[in-house]
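A short write-up of the structure that comes next.
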Amino acid sequence: MFQRHYSANACLLPICSLYGVAVTTVEGIGSTKTRIHPVQERLAKCHGSQCGFCTPGMVMSIYTLLRNHPEPTSEQMIAALAGNLCRCTGYRPILDACKTFCKDSICCQRKANGKCCLDQEDYLFDNEEKVSTSLFSADEFQPLDPTQELIFPPELMTMAENQPKTTLVFRGGRVTWISPVSLDELLDLKATYPKAPLVVGNTGVGPDMNFRGVFHPVLIAPARIPDLNVLKYTNDGLTLGAACSLSLVKDILTNAIAKFPEEKTRVFCAVLQQLRTLGGEQIRNVASFGGNIISRKSTSDLNPVLAASNCMLNLASRGQRRQIPMSDIFADGVGNNTITPEEILVSIHIPYSRKGEYVSAFRQAPRRENALPITNAGMRVLFEEGTDIIKDLSIFYGGAVSATVCAKETCWTLIGRHWNEQMLDEACRLVLKEVALPGSAGDENVDYKKTLMVSFFYRFFLEISQSLKTMVNYNSLPFQDPCHYPGIPVEYGSVLQDFKTRMPQSMQIYQDVDPSQSSQDPVGRPVMHQSGIKHATGEAVYIDDLPSVDGELFLAPVTSSRAHAKIVSIDTSEALKGAGVFDVITAHDVPAANEFHFSHDPEIIFARNEVICVGQIVCAVVADSYVHAKQAAAKVKIEYEILEPVILTIEEAIKHNSFFEPKRKLEQGNVDEAFETVDNIIEGEICIGGQKHFYMETQSMLVVPKGEDKEMDLYVSTQHPAIIQEMVAASLGVPANRIMCHVKRVGGAFGGKILRTGLLASVAAVAANKTSRAVRLILSREDDMVITGGRHPFMAKYKVGFMNDGRITAVDAIYYVNGGCTPDESVLVAEVSLLKMDNAYKIPNLRCWAYVCKTNLPSNTAFRGFGFPQSGLVTETWITDVADKTCLSPEKIREINMYKKSEQTHFKQTLDPQNLTRCWNECMEKSAYYSRRTAIDEFNKQNYWKKRGIAIVPMKFPFGLGTPYLSQAAALVHIYTDGSVLLTHGGIEMGQGIHTKMIQVASRELNIPMSRIHFCETSTTTVPNAFASVASAGTDVNGMAVKDACQTLLKRLQPIIEKNPTGTWNDWIREAFKQSVNLSATGYFRGYNEYMDWEKGEGQPFTYFLFGAACSEVEINCLTGDHKNLRTDIVMDIGCSINPAVDIGQIEGAFVQGVGLYTMEELKYSSEGALYTRGPDQYKIPAVCDIPEQFSVSLLSPSQNPYAIYASKGIGEAGFFLGCSVFFALRDAVTGVRNERGLKKTFALNSPLTAEQIRANCADAFTGMVREGPPEQGPCFSIPL
């Protein structure tokens, strides 16, 4: 009996659907207590886990593939991970682990000699350097042995073979689940319960019930009915049961395409094309073919192509069977009632294609894979035999409107026409006229959707024209002289190929340790993350993994639905009647401080009299389960009185003079005078959208009252335990010594788990204080995105003066920063954006203001890079504008204006740019920039609808917190009498490997193996008053403290070691104990001597500088705006790396997160301030398909950094900004398009540079049709808040 293994999303999988199924979890395939599975081992040892929260999902996706295909191809492996997301790693190390299982060569075969383009050629390395290019040793891996895998349980096999199939009925408190075994029984059930949904994969009904409050008392599960699982080939096509999973349909169509001649399988090919990108494997494994159709959602990628292909639906109801064309169910839009409530979709008939019939499917989505479409289409044409005359035509669109729609009037009009450009022009105009696209809330730009509709038809036109050219005996056909029907121009051909996701090729170059270094000394070596194995086995404990506490309650927040309003009343009566509800907590229950005044405007726990943003917490429900708490929260009724003004955007804040104080300015030189002497002046403006942290572990905490002395234990996912302790103590009115905050690890943070987490912890603590019960608060993804802020949206206006030779001599700029409704860290973000605005350039005369706008949005907060990703992008934008104006290349302008010698920055701190120059030159060389620039220009000449672009961007990233007390740190080290060492410090493990590095430091200092050192947790009980793990400073400052503690201990041990130099570590420790030597020591680091005087505009706010450069190459599709990241080369100066595997992982992860900010992560709000993009369905972070096909990271050969531990440099944030190299490569490609088409030179691009913006700026006849104006006058696209 063949068993098939399926990966699936546990959150969507109803327990009732698993009857007779064997379930394997990540804990089941291997653990540290039994045996580590090869997948778990390799993922950990290849450094494929950072915060570790996503790692079990990665493991199970890979494991499932290997159970079905023990030697998978790289294509299968990439497809298996398409449904997984990681916010930390940038995916490269995960894919490195995957490659070790793949049977096929993963070389790109791009060189003429067959060698990989990333072969380690001599020119990549300085012969005097001792470099390494491997971060792990595959020799260590245990082999994958399929014979050692878990077997299918014999009991289930016996049950499947011997037990007669009977109807299953499961009754819960509110819901009844019925699983019939025959079609007749199903029809009876449907007649009895006409409103009961049919559930197969639960991908439609599940999200509605889980996240949108939809309730169904009866659920019918028809998956076990044979009629709904039919597979039947007929004379005219293929019939598939409605309950077949999309994965099964994909496999069936793949086999059919291989089996039948190409002429018969064109429909199959088009459907299969859509299936490849529909969801991920986990969704396709459970989602049903029929469910996708019957839901009639406009976002279905299948419905347009199935309808266009004349597929038939086989329906059944009591006593009746009928067949209808699939197109019928879309005939009258959303309200179509072609299928009655009693009818069941039994199967779908997909016809063979006929001679002269062609079918195609198209889609464009915010992300190429695992994303709902912006617009999709299915198109079919049938020609009169032996001619190019249209006999039948079908055009269906989805995504663009609320239901799949047929352009039937257009199709009827075009029947009888020749397939030529006259027909094309008429077709496009008819489609635009017929298919109305009303603007809807939160919708993509209507013009873009219209452009896609006609662009898709043009692509269809090209495909069919090419097919007509190659039609058998075409040259002998009487209707057309072949010289007048040449198919399509050669330069148009590449657009017929969609971008494919391939297994990326990568290289990591770092410096080997000195040969004289002790083999026991781990510093400088690529050591695996200390929790890596536990991440991969699922044994790593996060907040929601903590065992339940007796009497524990669950908290659900009730948030404001208004952006600015007075609270008239709060009615909790219905909520308090809910099942399992214990209480409702409001501002009146806060014993002490409900507001925290870190600056002039307060941070607020519970809204008391008014709300100042959508998502502000008004009250909270505590109940005996999360479900009960959430249900009751929905019943709380809040009456509002709208207050004016409601300020959402930067423009509105400027209009109402709504700003947080102080406003900041930096100025050097004489800007006004300089503008008088320049050759040219340009002025511009750029908008940069916000970004959600999208950490994998949402805001999470467990608060446990101790029962005496008002003590509380707080287990919190936070970067800053001390601020949690401080805020909770203040809210409860108790001393901080009664509040113990514990952090084992954090499932991603990126700056988003500091002040916002303190407010949420205070909510939970107030609830625990009132109820005297433990309270668990785990935000859902939607609540997390609605309640918390993110990266600050920016609007910058700039005026730049420069000489004809490219020298920039004057810059005058204003930054407007959208801070949200409370100050948080927004003024500090504005300050950092000013201090780092010069990036890598010496501008002699510079003036810049920064204003923080006070708006009615959730308060924006710290985010990786802290203002520099925005101000750096502004700078690189005006650098590129100057290049356009001077007709010099952007890299020339960068080189001309780069810091070149030791000189002062615009805030009068001395800078030595030697390593900046080294990074730039090395990146130029390693990326082969100039030869690739030539190759790209040649590619662009030969391709009209696809263009490539390249950009190289330098980076200066100052390190520092600006104030000495912010960088102080402490550590505590115990040595036990058995020789083992317990280490703790104030740093937080959130994926950056800080505990691993601290153990490396302690190992070197104590001269003992890492295996003897253990880190337990970060806690306010062991290290008090620790500052937040932020600003890339964790390793620097805590490393110094750990080193100090270890040196104190060694100093105490020194007399004993000197008396017994041949003794062992254990001998020395036992003797020390006998001599009453204190084997516990604290270590301390006072912090860096940093300061900034904003009145004078000068200071030394930073301790040192990191440098880097990145070169990225992209390819764009001018018809859709889609793009592919082809290659990125990064060179980074990080001093002497303590752990190259961790540091390179940080660079890559930050870079990919930066690519997200600059090219795809788009936040959308309603005009009332409600967030639309509130989950992974709407908000797209980079996935496997978005990383460069070739990805190289080189660490600059070590340079001494006297300020940090072991001459290292803090690396957590710096790589983020380099993601903008993709932004400017895209700009380069768009520039190529516009130059070729004679469009006006000046154009502005905002961030994120989405497909919508790219398409609008690649103006052509189709955008002209849509706008009914000159092609070069593009519309203004999304304006960030």
Side-chain angles (χ1 to χ4, degrees), residues 173-174 213 543-544 546 548-561 567-595 604-609 611 615-640 698-716 724 727-734 738-739 757-780 783-784 786-787:
R174 302 168 73 221
I543 300 301
D544 208 21
L546 292 170
S548 59
V549 180
D550 189 37
E552 175 182 307
L553 298 173
F554 295 79
L555 185 145
V558 178
T559 59
S560 165
S561 60
I567 298 173
V568 176
S569 65
I570 303 173
D571 181 0
T572 62
S573 56
E574 288 301 310
L576 288 167
K577 294 176 188 174
V581 173
F582 199 87
D583 208 343
V584 176
I585 314 298
T586 69
H588 300 292
D589 299 309
V590 181
N594 187 53
E595 296 180 352
I604 304 164
I605 301 176
F606 291 101
R608 192 184 294 271
N609 299 313
V611 292
Q616 185 176 5
I617 295 176
V618 178
C619 59
V621 175
V622 283
D624 61 359
S625 73
Y626 174 73
V627 171
H628 285 155
K630 195 71 176 166
Q631 288 170 350
K635 295 177 182 176
V636 174
K637 296 182 179 68
I638 305 172
E639 185 183 345
Y640 298 100
T698 57
Q699 299 279 355
S700 304
M701 54 219 62
L702 173 63
V703 180
V704 184
K706 300 291 281 291
E708 58 179 322
D709 297 329
K710 298 184 179 178
E711 291 181 355
M712 270 190 188
D713 275 323
L714 273 68
Y715 301 90
V716 188
I724 306 298
M727 293 175 74
V728 167
S731 66
L732 299 181
V734 301
R738 310 302 166 86
I739 307 299
T757 309
L759 294 171
L760 288 162
S762 299
V763 168
V766 168
N769 179 71
K770 183 181 181 185
T771 61
S772 299
R773 300 274 198 100
V775 171
R776 191 180 297 253
L777 168 55
I778 312 290
L779 287 186
S780 67
D783 282 346
D784 190 291
V786 168
I787 291 170

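Between the CG atom of Asp589 and the CG atom of Asn769 there is a distance of 9.5 Å, given to the nearest 0.5 Å. Note that CD1 of Ile787 and CG of Leu759 are 11.0 Å apart. Values are rounded to the nearest 0.5 Å. Separating the OG atom in Ser731 from the CD1 atom in Ile605 is a distance of 4.5 Å, to the nearest 0.5 Å. Going from atom OH of Tyr626 over to atom CD1 of Ile778 covers 9.5 Å, rounded to the nearest 0.5 Å. Taking CE of Met701 as the start and OG1 of Thr757 as the end, the distance is 5.5 Å to the nearest 0.5 Å. The CG atom of Leu779 lies 9.0 Å from the CG atom of Leu555; values are rounded to the nearest 0.5 Å.
The backbone N or O of Gln616 lies less than 3.5 Å from no partner atom in the side chain of Ser560, so there is not a single donor-acceptor pair. Checked by atom type and distance alone, the side chain of Arg776 pairs as donor or acceptor with a backbone atom of Ile543 at under 3.5 Å. Side chain of Arg738 to backbone of Ala729: no donor-acceptor contact under 3.5 angstrom is found. A donor-acceptor contact shorter than 3.5 Å links the side chain of Asp784 to the backbone of Gln699. Put simply, the side chain of Thr572 never gets that close to the backbone of Ala575: no donor and acceptor are under 3.5 Å apart.
The two residues Tyr640 and Val568 make their nearest non-hydrogen contact at C-CG2, 3.8 Å. Between Leu777 and Pro557 the shortest heavy-atom distance is CD1-CD, 4.3 Å. Contact detail for Phe606 and Ala620: the closest heavy-atom pair is CE2-N, 4.2 Å. When all heavy atoms of Ala761 and Ile724 are compared, the closest pair comes out as CB-CG2, 3.8 Å. Considering all non-hydrogen atoms of both residues, Val766 and Pro591 come closest at CG2-CD, 4.3 Å. Between Gly615 and Val786, the shortest heavy-atom contact is CA-CG1, 3.6 Å.
Put simply, the side chain of Asn609 does not reach to within 4.5 Å of the side chain of Ile567, judged on heavy atoms. The closest side-chain heavy-atom distance from Cys619 to Val636 is below 4.5 Å. With a 4.5 Å cut-off on side-chain heavy atoms, Ile617 and Leu760 count as touching.
In summary, of the residues considered (Lys710, Glu711, Met712), a side-chain contact (heavy atoms from CB on, under 4.5 Å) with Ile739 occurs for Met712 alone.
Salt bridge annotation for Asp783-Lys630: present, with a cationic side-chain nitrogen under 4.0 angstrom from a carboxylate oxygen.
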Test side-chain contact (heavy atoms from CB on, under 4.5 Å) on Ile604 and Asn594; report intermediate values, then the result.
CA-CA 6 Å; Ile604 304 164; Asn594 187 53; 4.1 Å; yes
Working for side-chain contact (heavy atoms from CB on, under 4.5 Å), residues Val618 and Val611
CA-CA 8 Å; Val618 178; Val611 292; 3.9 Å; yes
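Heavy-atom contacts from other residues, nucleotides or ligands closer than 6.0 Å to NZ of Lys770 number more than 12.
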